[in-house]
Amino acid sequence: MSTPLPVLICGAGPTGMTLALELARFGVPFRIIDKALHGAEQSQALGVQARTLELLEPARITDRLLALAQRVTHVQIAAGTHSLVEADFGDLPTAYPYLAMIPQCDTERVMREALETQGIAIERAITLTAMRQDSGGIDVDLAGPGGTERVRVRYLAGCDGAHSAVRHHLDVPFEGYALPERFALADVHLDTSLAPDTLRVRLAADGGAVALFPLRDFWRILIESPNALPDPPDPSIFQAALDAEALPARIRDVVWMANYHIHQRRVAHMQSANAFLLGDAAHVHSPIGGQGMNSGIGDAINLAWKLALVIRDDVAPALLDTYAEERGAVGRALLAATDYGNRLAFNANTMVRALRNAVLPVASHLPLVRDRLRENIAQLRIAYPHSRLSVNASPARRGLRAGMRVRGARPASYHPQTIVMHPHDQSAAITLVLRPDGYAGYVSDGAHAHGALTYVRNIIGLRS
Ligand SMILES: Cc1cc2nc3c(=O)[nH]c(=O)nc-3n(C[C@H](O)[C@H](O)[C@H](O)COP(=O)(O)OP(=O)(O)OC[C@H]3O[C@@H](n4cnc5c(N)ncnc54)[C@H](O)[C@@H]3O)c2cc1C
């Protein structure tokens, strides 16, 4: 019997391509297939968050993305003329203190080109049509122009979007509900004096909203409405929405328009034996906070180094269980936060709106609330404190704890790295095992190389 393919990536959206970039970097053989003839041709997801830019650094695409980005440093949310939130991203604790606004088609192009320069081609017009899992791996049927091919794979990564075939074949429920709100978006050229460093959101009295996103070559107008919107969208509703909120901008021409509605859904388990669900295949939610695409990229970064250790270094496959544990917790928190954000933003109840309008301006000026809000949006606060991979060898103290992001650090390889740090806010040294995704695995006060080695052997499972 031939050796199984180590990894098959089903779906070449941002999630699948991130996984491909990481596996290529780690020297893991894989194939990446997509049923579509080409990638996204429209802007779709715009906001690339600071944490995502950090996570993509080792794949050497962050600079290329930034070359295409409009940097947004301010977010302004108002109800009519009443300012609710003024967030300044300028002093975020990251090398990327802004929201990088990039059309998804450009983000995908940068990823695709980075794969191509390494000789990796996405296999297009290939559809996963069936799969059967046994104790040793998975038989996958791939249908393409030349017929159907059966491939034996060790691991399958379902990065195949909200209507995931992998999820359907695994019979994993996608639990949640459809949001009642209706959304319409238009990418437009505007005549305006509005500064392009600010993302503006206006919440209307009927529970509707309009948001104006700056990009390098155009603007995105997003309308949310509690009522039905014209289908297909009518350009006049976008100008009317700008005028109703007294946003001084005239639409010159429309590049793209779309109507959509949204589900808040997630899978209870992101792993089923040797098959994994990532990105929109595992969680979909409101666009509030611009988290969708970024969360899929985060899933891929989390899984890639674990797959590499198991496949290349023969670490026990139990390490892979931590993918679903860690990213499942992130997905749960993401759905809770976007659900809360929706209720706060799109609420037609007069009492709730009055309370929101009174409390938000005060709360968002409190340094703790302000910092948490910005850092949550930028995904800088994503952490794995309850993971079995997070070990604190010293009693609780302020500062770095296991599971937290280590600023400015991502090892080049898929092996965890032991580091002795001398942070300026601590009098003594800290020993740290840095995971390949830039999170602290083990943290101990003092120089404690033996503890770090024991952690790498016993918790990660590396023999040498
Ligand atoms: C109109 C619109 C606006 C959006 N706006 C935002 C936004 O402002 N902010 C935000 O964060 N997100 C937004 N999103 C969502 C964002 O586009 C997704 O979160 C993101 O694309 C998810 O990436 P992914 O790689 O997980 O899945 P996808 O991008 O959906 O990629 C899945 C891939 O799998 C392929 N595939 C599916 N089934 C199979 C199969 N059986 N075999 C082989 N291949 C298969 C598909 O062809 C596709 O290429 C928007 C989406 C849309 C449609």
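For ligands, and for the atoms within them, numbers begin at 1 and follow the listed sequence.
Here's the thing with Asn294: none of its N/O atoms is less than 3.5 angstrom from an N/O atom of ligand 1. Looking at ligand 1, you'll find an N or O of Gly292 within less than 3.5 Å of one of its N or O atoms. Between Asp280 and ligand 1, a contact under 3.5 Å exists for at least one N or O pair. Note: no N/O pair closer than 3.5 Å links Trp256 and ligand 1 by distance alone. Ligand 1 has no nitrogen or oxygen under 3.5 angstrom from a nitrogen or oxygen of Ile33.
Other residues, nucleotides and ligands contribute over 12 non-hydrogen atoms within 6.0 Å of the NE2 atom of His189. Atom CZ of Arg407 is surrounded by more than 12 heavy atoms from other residues, nucleotides or ligands within 6.0 Å.
Taking the six-membered ring for Trp and the full ring otherwise, Tyr98 and Phe89 have centroids separated by 6.0 Å or more.
Phe174 is not listed as a side-chain neighbour of Ser164, based on a closest heavy-atom distance of 4.5 Å or more.
The shortest contact between atom 27 (O) of ligand 1 and any protein heavy atom is with Gly161 CA, 3.7 Å. Nearest protein neighbour of atom 39 (C) of ligand 1, counting heavy atoms only, is Lys35 CD, 3.7 Å. Given atom 31 (O) of ligand 1, the protein heavy atom at minimum distance is Gly13 CA, 3.6 Å. In terms of protein heavy-atom proximity, atom 4 (C) of ligand 1 is nearest to Gln44 C, 3.6 Å. Shortest contact from atom 42 (N) of ligand 1 to any protein heavy atom: Leu128 N, 3.0 Å. The protein heavy-atom contact nearest to atom 47 (O) of ligand 1 is Asp34 OD1, 2.6 Å. The nearest heavy-atom contact from the protein to atom 16 (C) of ligand 1 is Gln104 OE1, 3.5 Å. For atom 6 (C) of ligand 1, the closest heavy atom belonging to the protein is Ala45 CA, 3.4 Å.
Side-chain polar atoms of Ser364 and Glu86 form no donor-acceptor pair below 3.5 angstrom. Using a 3.5 Å distance cut-off with no hydrogens or angles, the side chains of Gln42 and Gln104 do not pair a donor with an acceptor. Side-chain N/O atoms of Tyr384 and Arg327 include a donor and acceptor closer than 3.5 Å. No side-chain donor-acceptor contact under 3.5 Å links His82 and Asn357. For the residue pair Thr52/Asn294, the side-chain donor-acceptor check at 3.5 Å is satisfied.
Among pairs with a residue in residues 173-192, those fulfilling salt bridge (Lys or Arg N to Asp or Glu O under 4.0 Å) read Asp187-Arg220, Asp191-Arg252, at least two apart in sequence or across chains.
The shell of residues lying under 4.0 angstrom from ligand 1, judged by heavy atoms, excludes Ala258. Within the structure, ligand 1 has Pro14 among the residues with a heavy atom less than 4.0 angstrom away.
Atoms of ligand 1 found under 4.0 Å from any heavy atom of Ala36 (numbered from 1 in listed order, with element): 47 (O). Proximity to Gly279 (heavy-atom distance under 4.0 Å) selects the following atoms of ligand 1: 26 (O). Close approach of ligand 1 to Ala165 (heavy-atom distance below 4.0 Å) involves ligand atoms 41 (N). With ligand atoms numbered from 1 in the order given, ligand 1 contributes 23 (O), 24 (P), 25 (O), 26 (O) to contacts under 4.0 Å with heavy atoms of Thr15. Atoms of ligand 1 found under 4.0 Å from any heavy atom of Cys159 (numbered from 1 in listed order, with element): 32 (C), 33 (C), 34 (O). For ligand 1, the atoms lying closer than 4.0 Å to a non-hydrogen atom of Cys10 are 40 (C), 42 (N), 43 (C). Residue contact check: Gly11 has heavy atoms under 4.0 Å from atoms 33 (C), 34 (O), 35 (C) of ligand 1.
Geometrically, Arg154 does not engage Phe30 in a cation-pi contact defined by less than 6.0 Å to the ring centre and at most 45° from the axis.
Taking all atoms of both residues into account, the shortest heavy-atom contact from Ala40 to Cys105 is O-CB, 3.2 Å.
Between Tyr260 and Phe183, the two ring planes are parallel [angle under 30°; tilted spans 30° to 60°].
In this view, Ser390 satisfies the side-chain hydrogen bond (donor to acceptor under 3.5 Å, both in side chains) rule with no residue, not counting sequence neighbours.
By the criterion of a heavy-atom distance under 4.0 Å, the backbone of Ile126, and not its side chain, is placed next to ligand 1.
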